[in-house]
Amino acid sequence: MLLGVNIDHIAVLREARLVNDPDPLDALGIVKRAGADQITIHLREDRRHINDTDTQNIINLSHLPVNLECSIDPAIIEIVIANKPARATIVPEKREEVTTEGGLDLKKHFDTLQETVKRLRDAGIEVSLFIDPTTEAVELSERLGVEWIELHTGHYSNLYQMLHSNLSRTPHSVAKLEVSKAQLESMLFAESEKLQYSAQFAKSLSLKVAAGHGLNYQNVKNILKIKQIEELNIGQSIIARSVFTGLEEAVREMKELVR
Ligand code: PXP
């Protein structure tokens with residue numbers, strides 16, 4: 001399985017002080033040396049971490065393919081086309097969110113998406129859609145003519161954390177749930193089944209399947225059992241571990257799991 005490392009969080013640390021360090025550009029060689037297969041970045045409309053200069057430099061200098069996450073905002077799409085990453089992953093974006101909280105609403109944005117996908121593909125950029133693991137979303141993705149889908153594992157990861165965390169912390173974007181351990185277990189099982197079924201269904205429609213959001217060194221193990229998933233994009237847990245181990249070791253440890 002391929003591993004894309006999302007390096008946005010390096011820029012989050014930099015932006016906390018509005019200084020130049022740490023520079024996500026310095027991660028490129030390290031991530032490649034550690035055995036990862038792709039660099040993933042998100043150019044958000046509010047530029048809260050990765051900015052236009054990062055985007056340009058990372059795409060120009062990376063020896064690994066760059067997967068650029070973006071919204072359907074026309075100004076952002078212009079930048080994507082000008083920079084020509086290997087892949088553009090279209091994600092929903094809300095300014096007030098802490099991180100990307102759900103998959104794209106493909107029905108609502110179908111016409112805009114169709115036009116955007118065409119523009120990106122005409123520019124020679126592979127397109128992926130970040131979607132919730134539902135039959136409808138997979139079907140609509142196929143109709144939109146993309147090469148890839150990325151299944152949102154955020155709900156799975158949140159349930160996993162609630163079930164396994166000793167601190168019983170409720171992750172961001174999750175309403176406090178008053179449920180028993182048994183209920184959480186069955187919700188986690190149901191979400192894993194949805195991911196499994198959606199991956200299988202997408203593969204049967206000849207879509208390539210990636211997955212990501214909230215994955216870490218523990219919860220990734222169930223996801224690895226879904227053989228139709230070809231690639232995982234992981235950021236926060238790798239960058240968090242790198243604070244203690246260094247980035248190369250943190251990526252290497254993840255790549256040892258994701259193979
Ligand atoms: N995939 C997509 C589409 C994302 O938006 C993100 C978060 O930027 C990730 C993967 C990585 O998520 P995390 O940082 O939680 O591993």
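Computation of the quantities below employed the complete heavy-atom set of this structure, encompassing side-chain atoms and omitting hydrogens, waters and symmetry-equivalent molecules. Model, not experiment: these values are computed from the prediction. Order of appearance sets the numbers: ligands from 1, and atoms from 1 within every ligand.
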* Can you list the atoms of ligand 1 that are under 4.0 Å from a heavy atom of Gln236? -> 13 (P), 14 (O), 16 (O)
* Could you pull out, from Ser157, Gly4, Gly235, Ser237, the option with a heavy atom nearest to atom 16 (O) of ligand 1? => Gly235
* Asked: ligand 1 and Asn233, any nitrogen or oxygen pair closer than 3.5 angstrom?
  -> no
* Asked: Any idea which atoms of ligand 1 are less than 4.0 Å away from a heavy-atom of Val91?
  -> 3 (C)
* To do: Report yes if some N/O of His42 lies less than 3.5 Å from some N/O of ligand 1; otherwise report no.
  => no
* Relative to ligand 1, is His152 under 4.0 angstrom through side chain, backbone, both or neither, heavy atoms considered? -> neither
* Asked: In this structure, which one of Ile149, Leu113, Val80, Ile90 forms a side-chain contact (heavy atoms from CB on, under 4.5 Å) with Val127?
  -> Ile90
* Do Ser180 and Gln183 pass the side-chain hydrogen bond (donor to acceptor under 3.5 Å, both in side chains) test, and can you show the C-alpha distance, the side-chain angles, and the key distance before you say yes or no? -> CA-CA 5 Å; Ser180 67; Gln183 280 170 309; 3.2 Å; yes
* Give the cluster check for Ile81 versus Val66: same hydrophobic cluster or not, with ILVMFWY residues linked at side-chain heavy-atom distances below 4.5 Å. => yes
* Short list, please: which atoms of ligand 1 are under 4.0 Å from a heavy atom of Ile234? -> 16 (O)
* ligand 1 atoms in contact with Asn6 (distance to a heavy atom under 4.0 Å) -> 6 (C), 7 (C), 8 (O), 9 (C), 11 (C)
* Please could you name the atoms of ligand 1 that Gly214 approaches to less than 4.0 Å, counting only its heavy atoms? => 12 (O), 13 (P), 15 (O), 16 (O)
* Same hydrophobic cluster for Ile131 and Phe110, using side-chain heavy-atom links shorter than 4.5 Å among ILVMFWY? -> yes
* Structure fact -> Closest heavy-atom pair, Ile58 versus Pro24, reported as atoms and distance to 0.1 Å, is CD1-CB, 4.2 Å
* Per-atom contacts, ligand 1 versus Phe130 - under 4.0 Å to a heavy atom -> 2 (C), 3 (C)
* What orientation do Tyr160 and Tyr156 show, parallel under 30°, tilted 30 to 60°, or perpendicular over 60°? -> tilted
* Look up atom CD in Glu69 and atom CG in Asn6, then write down how far apart they are to the nearest 0.5 Å. => 5.5 Å
